[in-house]
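A short write-up of the structure that comes next.
Counting convention: from 1, in listed order, for ligands and their atoms alike. Side chains included, hydrogens not; waters and symmetry mates left out as well; all remaining heavy atoms used. This is a predicted model, so every value here is computed, not measured.
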Amino acid sequence: MLLSGTVIVDAETVIDDGAVVVADDRIVDVGERAACLDRYPDHERRAYDLLAPGTVGAHVHSVQSLGRGIADDTALLEWLFEYVLPMEASLSAAEMRAAAELGYLELIESGTTTCIDHLSVHHAEEAFEAAREFGVRGRFGKVMMDKEAPPGLLEDTDAALAESERLIRRYHGTEDGRIRYALTPRFAVSCTEECLRGTRELADEYDGVTIHTHASENRDEVATVEEETGRRNVHWLHEVGLTGEDVTLAHCVWTDESERELLAETGTNVTYCPSSNMKLASGVAPIHDYLDRGINVALGNDGPPCNNTLDPFTEMRQATLLQKVDRLEPQALPARTVFEMATINGARAAGFERVGALREGWKADVIGLETEGLTRATPVHDVLSHLVFAAHGDDVRFTMVDGEVLMDDGEVLVADAAAVRRRAREYAADYDAAH
Ligand SMILES: [Zn+2]
């Protein structure tokens, strides 16, 4: 397929009248449109105003998609233990499937091609099957909670690790390699030392399996971990093996100097979730400090009940605005840096190679956007500025993952979008009726 338009190769390179040529799962050529048309005259064609690498949502919870709006105006621990975890505990396998499908549909529709998805304690295979069917790329993991969990989610340590291992064997790196496994303990508050150490052992045992958990999102969480372990949260995670290049920690809002140093020394990835941090009043993550230390910072929308949207463009906008106002520096986190977080840094955090830029030989994960129309903020002087400050998920009209077209001209090809939404609405109505 030959895709033409203004091509955003990466944060440094834009081709105004360009083309991206795709064969199988790879980008085989990127260049001027006229030259590509000469070289590939017989390729099927698509034209969009802007072509960009698909974005990477480096911390999402697809299975919370039925809980949008159930816990507004609460802080993390109340939000989690009073509302979101009981909701997760109540979901049947069919409801989990419906929630995951809605999540992946929204990712595809708004231009996210890779995710790191923190699932739930039960029925994780429903999400794996949905991801496989919908064709998204990502890291997925069954959540482990063997301490401090509501009824229905608390599990035995050995059972949590055994179920994770079963899912690794079944889904990690199978078929086209789009689906990979991340071990996902919920967070230090809800996991025993044995569970966290067991997580590291499993990650070392299975080639390419990574670790993803929440860390230091909220001050009460940090205080709880310190009370229980006598350590700052990141020091505790380090002690039990949960730092390193194969680890991505979501949030890291409340870290001290020594923890930041440790994150940098160990090459641990951090996912910045600005909307969630604002909505739960968690705080402002020290992103500039992390970047100055060379820490790989990715971007994530977090869950539908704490954002409440999976739109990556809204997240990019929030990411930069929050840093600017926090530091009172208009230069803070420029569009190019945010765009890198949402693409190439995210791919690195998710552990996918040759993903996150439209370069020859890289994976064909491409999105096409329109810039014309009532709310689309034309004219566009600077395409990266447009993507970060003005674009919206609805502007995405084309989504390709691994060379497979998942959405074409605004129509999702891999699922019946209306049916997915209808099922989600029905289950959400049942939930409302019961609460
Ligand atoms: Zn989260």
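- The Zn ion (ligand 1) has an N, O or S atom of H214 inside 2.8 Å of it.
- Under the 6.0 Å distance and 45° angle rule, R169 does not count as a cation-pi partner of Y181.
- For H61 atom NE2 and H59 atom NE2, the angle they make at the Zn ion (ligand 1) is roughly 100°, to 10 degrees.
- Applying the side chain to side chain contact (heavy atoms under 4.5 Å, CB included) test between T268 and each of I295, L249, L237 identifies L249 as the sole match.
- Distances from the Zn ion (ligand 1) to each N, O or S atom of D302 single out OD1 as the nearest.
- Q64 and D302 form no side-chain donor-acceptor contact under 3.5 Å, judged by distance and modelled atom types alone.
- Around CG of D207, the count of heavy atoms belonging to other residues, nucleotides or ligands within 6.0 Å does not exceed 12.
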